Amino acid sequence: MTEPAPKVQPAEPCVLVIFGASGDLAQRKLIPALYNLHRNGFLPERFAVIGVSGSTLTDEQFLGRVKESVERHCADCSDLGFISTAGHRFHYVAGRIEAPETYARLKERLDAVHAEHGTRGNTVVYLATPPDHFATIAEGLKAAGIAKHGTNGSGWTRLIVEKPFGRDLESARELNGRLLACFDESQIYRIDHYLGKETVQNLLAFRFLNGIFEPIWNRNFIDHVQITVAERLGVENRGRYYDASGALRDIVQNHVFQVLCLIAMEPPSSLANEEVRNEKLKVLRAMRRPQGEELLRNAIRGQYGPGAIDGETVTGYREEAHVAPESATDTFAALRLDVDNWRWAGVPFYVRTGKRLPARSTQIVIQFRQAPLPLVPMETMQHANRLTIQVAPEERMQLRFQAKQPGPGMRLKQVEMAFSYRDLGGDGLATGYETLLHDCMIGERMLFLRADMVEEAWDVLTPVLDLWQALPPRDFPNYAAGTWGPASADELLARDGRHWIEPAP
């Protein structure tokens, strides 16, 4: 008999304030995520949205943009009750981020919306703006009296901050300092949307709720780990941002490190907020900070030149819009990382990310060691057992192992057991932001980053950033669009007698 699934905790009544409400993130991700939460019954009945941006819009015009967003970006937009019956729940405040009067108008409107919808003074503020506005908005919210701590039954305020959290250790510390001068750490939710993906969250269940895996999840059985975040696209319309950032800052410091922490962390005593985050912090603190020759060998950078994707010629990075013609920005980064603790000593973690690669894929490869005593000639063996966890484009897991082919003799074939999230049936939560928005509304912080985690991640990469700053690249561009990056990335593994596992087509 199947046990009934535990009920999902309903979100508390609240008002969601979106700074940057007319921008790309809000229109492509946040509004569709709210629609999906509504359609699946996870939004509270007493709920409202206030959009804030510099565009001059009426409430009705903002609602029109909400409707357009749902129709364009949601697979099933048939439940228009989200708009037609709840249209009065969408409000708008126009104003410049640096202007104090914007926050005064927002406070006045927020008080009125709380009273109208009975949301108990509970407020979620989402900063869907460029990162140089984060501290300014936090300070404006505090000055207007919106950044309250929820004392005396006045309701709570929670602040969701998008990545990037600084561009190096010094700027991350400065940003955290300014945010913490306005909000308590318990109010700040630093979001990494990768942690909202089902396969990433499933790493916790996979590792700690299945007795067959955790005993072999260590240096005695695992040879190495690979994490690949590959993108087929170039920088598109993000040239200005990307040319000041690069692959290492844009992907490795946040997405890749968060996935690595889930793979490498020790079992938490519970799934409570701080227990999981404490174990992830320990992984970051245990990561080696290489220097000198070791750093030169283990940190590879690249930049794509002209090439072909699906038979179509594409330009190189330096020819993209809003990119400097002699740009030294990395569009590819590959690192060997070592976690110096008892579980992982001697097990390398190879990570890579890049733009204009042959396929869009985010995958984790757990490569197990060969059997200690081969009973057949080594040339008849294929590969050691391998677990592949694909996060995108399809969320699935695949375990490969050896099996005997039918017939005489010991002829081996590599076979697989695979699981896809499609097998569980879709629930319409498609953007990755649904879980994170809902968690913030109920005060669940496990999937969000703390200040110390952000700063520790930057500290790991500081030697790499310093090296690349001191030694500008002389060979850029060094890989053609449509290939798997520079040859030096292959050499990084070849020196250790290993090779990259390419994503399946």
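A quick note: this is a predicted structure, and the numbers were derived from the prediction, not measured. The first residue of the sequence shown is numbered 1, and numbering continues consecutively from there.
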Checklist line | Residue pair Ala128 / Ile18: nearest heavy atoms and the distance that separates them | finding: CB-CG2, 4.4 Å

Notebook entry, point to check: At their closest point, which heavy atom of Pro503 faces which heavy atom of Gln363, and how far apart are they?
Noted result: CA-OE1, 3.5 Å

Checklist line | Name of the residue among Arg396, Gln398, Glu394, Gln390 meeting side chain to side chain donor-acceptor pair (under 3.5 Å) with Ser420 | finding: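 Exactly one pass, corresponding to Glu394.
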
Note to self: Let's go through Glu326 and Arg318 carefully: what are the C-alpha distance in whole Å and the side-chain angles of both, what is the deciding distance for salt bridge (Lys or Arg N to Asp or Glu O under 4.0 Å) to 0.1 Å, and is it a yes or a no?
What the structure shows: CA-CA 7 Å; Glu326 300 298 325; Arg318 292 177 175 180; 3.8 Å; yes

May I ask you to decide if [Y]'s main-chain N or O and [X]'s side chain share a donor-acceptor pair within less than 3.5 Å?
{"X": "Ser171", "Y": "Arg167", "result": "yes"}
{"X": "Asn254", "Y": "Pro164", "result": "no"}
{"X": "Gln27", "Y": "Ala21", "result": "yes"}
{"X": "Ser327", "Y": "Thr329", "result": "yes"}
{"X": "Thr331", "Y": "Lys355", "result": "no"}
{"X": "Arg240", "Y": "Arg238", "result": "no"}

Does [X] pair with [Y] as a salt bridge, N-O distance under 4.0 Å?
{"X": "Arg498", "Y": "Asp223", "value": "yes"}
{"X": "Glu170", "Y": "Arg173", "value": "no"}
{"X": "Arg336", "Y": "Asp338", "value": "yes"}
{"X": "Arg178", "Y": "Glu139", "value": "yes"}
{"X": "Arg356", "Y": "Glu231", "value": "no"}
{"X": "Asp310", "Y": "Arg232", "value": "yes"}

Distance only, no hydrogens: is a donor on one side chain within 3.5 Å (strictly under) of an acceptor on the other, for [X] and [Y]?
{"X": "Asn176", "Y": "Arg190", "result": "yes"}
{"X": "Asp192", "Y": "His255", "result": "yes"}
{"X": "Tyr304", "Y": "Glu320", "result": "yes"}
{"X": "Arg207", "Y": "Asn202", "result": "no"}
{"X": "Thr102", "Y": "Arg96", "result": "no"}
{"X": "Tyr317", "Y": "Asp243", "result": "yes"}
{"X": "Gln258", "Y": "Lys280", "result": "yes"}
{"X": "Arg352", "Y": "Gln226", "result": "no"}
{"X": "Arg386", "Y": "Gln367", "result": "yes"}
{"X": "Arg28", "Y": "His73", "result": "no"}
{"X": "Tyr241", "Y": "Asp250", "result": "yes"}

With a 4.5 Å cut-off on side-chain heavy atoms, are [Y] and [X] touching?
{"X": "Pro306", "Y": "Val314", "answer": "no"}
{"X": "Leu281", "Y": "Glu456", "answer": "yes"}
{"X": "Ile160", "Y": "Cys440", "answer": "yes"}
{"X": "Trp344", "Y": "Ile222", "answer": "yes"}
{"X": "Leu335", "Y": "Leu461", "answer": "yes"}
{"X": "Phe208", "Y": "Met265", "answer": "yes"}
{"X": "Ile188", "Y": "Val161", "answer": "yes"}

To the nearest 0.5 Å, how far apart are [atom1] in [X] and [atom2] in [Y]?
{"X": "Asn36", "Y": "Cys74", "atom1": "CG", "atom2": "SG", "value": "5.0 Å"}
{"X": "Gln187", "Y": "Leu179", "atom1": "CD", "atom2": "CG", "value": "11.0 Å"}
{"X": "Leu447", "Y": "Tyr194", "atom1": "CG", "atom2": "OH", "value": "15.5 Å"}
{"X": "Ser22", "Y": "Arg65", "atom1": "OG", "atom2": "CZ", "value": "5.5 Å"}
{"X": "Leu248", "Y": "Arg301", "atom1": "CG", "atom2": "CZ", "value": "10.5 Å"}
{"X": "Leu399", "Y": "Thr388", "atom1": "CG", "atom2": "OG1", "value": "8.5 Å"}

Notebook entry, point to check: Checking side chain to side chain contact (heavy atoms under 4.5 Å, CB included) against Phe134, which of Leu159, Leu127, Ile97 comes through?
Noted result: Leu127

Next item on the list: Could you point out which residue of Val259, Leu262, Thr435 forms a side chain to side chain contact (heavy atoms under 4.5 Å, CB included) with Leu195?
Entry: Leu262

Could you tell me if the ring centre of [X] sits under 6.0 Å from that of [Y]?
{"X": "Phe332", "Y": "Tyr479", "value": "yes"}
{"X": "Phe206", "Y": "Phe213", "value": "yes"}
{"X": "His224", "Y": "Tyr350", "value": "yes"}

Is [X] atom [atom1] crowded by more than 12 heavy atoms from other residues, nucleotides or ligands, each under 6.0 Å away?
{"X": "Arg495", "atom1": "CZ", "answer": "yes"}
{"X": "Arg297", "atom1": "CZ", "answer": "yes"}
{"X": "Glu312", "atom1": "CD", "answer": "no"}

Next item on the list: Determine, step by step, whether Val283 and Leu260 satisfy the side-chain contact (heavy atoms from CB on, under 4.5 Å) criterion, reporting the C-alpha distance in whole Å, the side-chain angles of both residues, the deciding distance to 0.1 Å, and the verdict.
Entry: CA-CA 9 Å; Val283 174; Leu260 189 153; 3.9 Å; yes

Checklist line | Derivation and outcome, salt bridge (Lys or Arg N to Asp or Glu O under 4.0 Å), residues Asp439 and Arg445 | finding: CA-CA 7 Å; Asp439 279 1; Arg445 298 188 299 277; over 6 Å; no

Checklist line | Derivation and outcome, side-chain contact (heavy atoms from CB on, under 4.5 Å), residues Ile263 and Trp217 | finding: CA-CA 9 Å; Ile263 297 169; Trp217 209 262; 4.1 Å; yes

Output a table of donor-acceptor pairs, distance under 3.5 Å, between side-chain atoms of residues 462-476 and any protein atom two or more places apart or on a different chain; print 'none' if there are none.
from, atom 1, to, atom 2, distance (Å)
Thr462, OG1, Trp458, O, 2.8
Asp475, OD2, Asn478, ND2, 3.4

Margin query: For a side-chain contact (heavy atoms from CB on, under 4.5 Å) check, start with the C-alpha distance between Tyr433 and Tyr126, then their side-chain angles and the critical distance, and finish with the verdict.
Written below: CA-CA 12 Å; Tyr433 282 84; Tyr126 199 117; 3.1 Å; yes

Check: Are Arg343 and Glu266 close enough, and set up right, to give a salt bridge (Lys or Arg N to Asp or Glu O under 4.0 Å), and what steps lead you there?
Finding: CA-CA 8 Å; Arg343 181 184 290 266; Glu266 294 297 318; 2.8 Å; yes

Next item on the list: Give me the ring orientation class for Tyr92 and Phe62: parallel if the planes are under 30° apart, tilted from 30 to 60°, perpendicular past 60°.
Entry: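 Tilted, since the angle between the ring planes falls between 30° and 60°.
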
